[in-house]
Structures are given as C-alpha cells and as structure tokens.
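By convention here, the first residue in the shown sequence is residue 1. Atom set for the values below is all heavy atoms of this structure, side chains included, hydrogens, waters and symmetry mates excluded.
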Amino acid sequence: GVSAAQSTTTPPSRAQRSGEMQGRRGGGRGGEFGRDLNLTDAQKAQIKTIRAKYQPQNEALRAQAKPFMDAARAARQKGDSAAFRSNIEKAHQVMQGGQSIRTQENAEIRAILTPDQQAKFDANQKKMAERGKAGHKGWGRKGKTAPAAKS
C-alpha cells in the first residue's frame with residue numbers, strides 16, 4: 001500500500017517475478033536446485049553439466065507432449081472434460097516415456113552428493129513424486145476444475 005507508493009525502487013516486471021518464482025520452485029528443473037543440500041561450488045558445476053547433458057532429451061519430451069497439453073487446455077476451456085482427460089493422459093504417457101532419462105539423470109546427480117546430501121535429495125524426490133501423484137486427480141470431473149492457466 002502506502003510503503004509501496006513511497007518506494008524509490010521500481011517494482012519487478014511480470015517476467016522478472018516469473019523468473020524468480022521458477023528459481024524458487026526449481027522451474028524447468030534448474031533454478032535453485034538443491035538449495036537445502038548445501039552444495040559446494042564444485043558440486044553445483046557438476047550438476048549444471050549433468051543437467052546440460054540431459055536438457056535436449058528433456059526438451060524433446062516436452063515438445064512431444066505440448067500438442068496434447070495445448071489440446072487439453074482448449075478442451076477445458078470449451079468444457080469438454082472427456083477430451084481434456086484424454087489429452088492429459090496422452091501427455092502423461094509421453095512424459096512417462098522419459099522416466100528412464102530422469103532416473104539416469106538423478107542417479108548421476110546423486111553420485112556426486114555426500115551421504116547426508118543423498119538422504120535430503122532422496123526425501124525431496126519422494127516429496128515431488130507424492131505431489132505429482134496427488135496433483136491432477138479430479139480435473140475434468142463434474143464440480144472439479146483445473147487451476148487457471150498462468151500466462
């Protein structure tokens with residue numbers, strides 16, 4: 001309110017805020033990865049190299065899933081829950097096809113961590129998997145709606 005009006009700094013643009021949020025939640029699996037792991041600079045550099053190695057494969061998977069996600073979004077906007085569910089399932093199947101890539105990438109990352117870091121890394125992976133399983137249940141069903149698309 002008032003303090004913002006009196007501030008001499010300019011507020012961040014939407015793009016800047018978006019970038020900050022991606023960093024906070026590990027957007028695109030980059031950003032602030034493992035900030036609770038207390039990584040050394042050498043570990044950070046190694047992880048960056050590993051991520052770069054797998055980036056083309058991960059981007060290819062997202063590109064394959066994108067038409068299904070776009071179709072699902074359009075179906076949701078039209079209120080076509082059957083088409084929405086069908087397209088979400090197809091996108092999910094494409095992304096599941098890349099599970100071995102992610103498993104391999106995570107194994108390489110895990111190998112450079114100390115035992116304490118590995119325990120935290122494993123706990124984080126488990127939390128993400130649980131969140132993913134719980135995340136989309138009920139979308140497209142009567143009375144349940146998916147969150148609004150963010151732009």
- Heavy-atom check, side chain of Lys44 versus side chain of Asp41, under 4.5 Å: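 Lys44 vs Asp41: side chains touch.
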- Message: Any non-hydrogen side-chain atom of Glu108 less than 4.5 Å from a side-chain atom of Tyr54?
- Response: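 They are in contact (side-chain heavy atoms under 4.5 Å apart), so the answer is yes.
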So how far is it from [X] [atom1] to [Y] [atom2], rounded to the nearest 0.5 Å?
| X | Y | atom1 | atom2 | result |
| --- | --- | --- | --- | --- |
| Asp122 | Arg110 | CG | CZ | 4.0 Å |
| Asn87 | Asp70 | CG | CG | 9.5 Å |
| Met69 | Met95 | CE | CE | 9.5 Å |
| Asp36 | Phe121 | CG | CZ | 11.0 Å |
| His92 | Arg85 | NE2 | CZ | 15.5 Å |
| Arg102 | Gln96 | CZ | CD | 6.5 Å |

- Donor-acceptor under 3.5 Å (Gln117 side chain, Asn38 main chain):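 Checking the backbone N and O of Asn38 against the side chain of Gln117, a donor-acceptor pair under 3.5 Å is found.
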Which atom pair, heavy atoms only, marks the closest approach of [X] to [Y]?
| X | Y | answer |
| --- | --- | --- |
| Gly97 | Ser100 | O-OG, 4.3 Å |
| Ile47 | Leu39 | CD1-CD1, 3.7 Å |
| Asn58 | Glu105 | ND2-OE1, 3.3 Å |
| Asn106 | Gln125 | ND2-OE1, 3.1 Å |
| Phe84 | Ala72 | CD1-O, 3.2 Å |

- Ile109, Ile101: one ILVMFWY side-chain cluster at the under-4.5 Å cut-off?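 Yes; tracing contacts between hydrophobic side chains, which count when under 4.5 Å, links both residues.
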